[in-house]
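Step one of this worksheet: look at the structure below.
Model, not experiment: these values are computed from the prediction. We use all heavy atoms of the structure for the numbers below, so side chains are in, but hydrogens, waters and symmetry mates are not.
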Amino acid sequence: QVQLVESGGGLVQAGGSLRLSCAVSGRTVRSYGVGWFRQAPEKEREVVAAISWSGISTYYADSVKGRFTISRDNAKNMVYLQMNSLKVEETAVYYCAAAATRATTSYYVRMREYDYWGQGTQVTVSS
């Protein structure tokens, strides 16, 4: 099995920054993409960012582009999400997810394309 564990969440004031980490362990394939998703109370889960195995290809939701940065260190089996200029409405549980990809430059943006999920880490942005 593949396990993902998120960390780095917490309480931050609006305008502040947090860096989330996702540790991947267990059985993995040569090429897998990782996505970050978030789910606010009473809202649907939505994609925030995604990254290919190579790290060359990335995706960002329009709402976070320019403020968030996704990156990975495959030697350490780690994926990161740097979040800057956080907004109150971005309070949510943040999840990382992984799935095998057809190419090292591919990534997924739909929830149903991911097979493995972490348990999430709470991010609370206060005003």
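- The salt bridge (charged side-chain N to carboxylate O under 4.0 Å, His left out) search around Arg45 returns none, not counting sequence neighbours.
- With hydrogens and angles ignored, the 3.5 Å screen pairs no side-chain donor or acceptor of Gln13 with any backbone N or O of Ser127.
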Using residues 96-106 as the side-chain source, report each donor-acceptor pair under 3.5 Å to any protein atom, sequence neighbours left out, with the distance given to one decimal.
unit_1	atom_1	unit_2	atom_2	d
Thr101	OG1	Ser31	OG	2.9
Thr101	OG1	Ala103	O	2.9

Could you walk me through whether Trp36 and Ile51 pass the side-chain contact (heavy atoms from CB on, under 4.5 Å) test, one step at a time?
CA-CA 9 Å; Trp36 282 98; Ile51 189 168; over 6 Å; no

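- Not counting sequence neighbours, the partners of Val2 by the side-chain contact (heavy atoms from CB on, under 4.5 Å) test are Leu4, Val24, Thr28, Tyr116.
- Taking the ring-ring contact (aromatic ring centres under 6.0 Å, His included) definition, one finds that Phe37 meets it with Tyr114, Trp117, sequence neighbours left out.
- One N or O on the side chain of Glu6 and one on the backbone of Gly120 form a donor-acceptor pair closer than 3.5 Å.
- Counting only residues at least two apart or in different chains, disulfide (SG to SG under 2.5 Å) contacts with residues 58-90 are absent.
- Leu20 is not connected to Tyr107 by any chain of hydrophobic side-chain contacts under 4.5 Å among Ile, Leu, Val, Met, Phe, Trp and Tyr, and they are in different clusters.
- Screening residues 2-35 for ring pair (Phe, Tyr, Trp, His ring centres under 6.0 Å) gives Tyr32-Trp53 as the qualifying pairs, with residues at least two apart or on separate chains.
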Counting only pairs under 3.5 Å, give me each side-chain donor-acceptor contact of residues 76-88, with atom names and distances, residues two or more places apart or in other chains.
unit_1	atom_1	unit_2	atom_2	d
Gln82	NE2	Asn84	OD1	3.0
Asn84	OD1	Ser17	OG	2.9

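- Cluster partners of Leu11, using a side-chain heavy-atom cutoff of under 4.5 Å among ILVMFWY residues and allowing indirect links: none.
- Not a single donor-acceptor pair under 3.5 Å links the side chain of Thr91 to the backbone N or O of Thr124.
- Annotation: side chain to side chain donor-acceptor pair (under 3.5 Å) contacts of Ser57 (sequence neighbours excluded): none.
- Within a 6.0 Å radius of CD in Gln39, more than 12 heavy atoms belonging to other residues, nucleotides or ligands are found.
- The same ILVMFWY cluster, assembled from side-chain heavy atoms under 4.5 Å apart, contains both Val47 and Met111.
- Between the OH atom in Tyr94 and the CG atom in Leu18 there is a gap of 9.0 Å [rounded to 0.5 Å].
- Listed by chain and number, the residues in a salt bridge (charged side-chain N to carboxylate O under 4.0 Å, His left out) with Glu89 amount to none (sequence neighbours excluded).
- Between Ala40 and Ala92 the shortest heavy-atom distance is N-CB, 3.7 Å.
- Val64 pairs by the side-chain contact (heavy atoms from CB on, under 4.5 Å) definition with Arg38, Val48, Tyr60, Ala61, Arg67, Phe68, Glu90, not counting sequence neighbours.
- Between Val34 and Arg72, the closest side-chain pair of non-hydrogen atoms falls below 4.5 Å.
- Residues satisfying the side chain to side chain donor-acceptor pair (under 3.5 Å) criterion with Arg110, sequence neighbours excluded, are Glu113.
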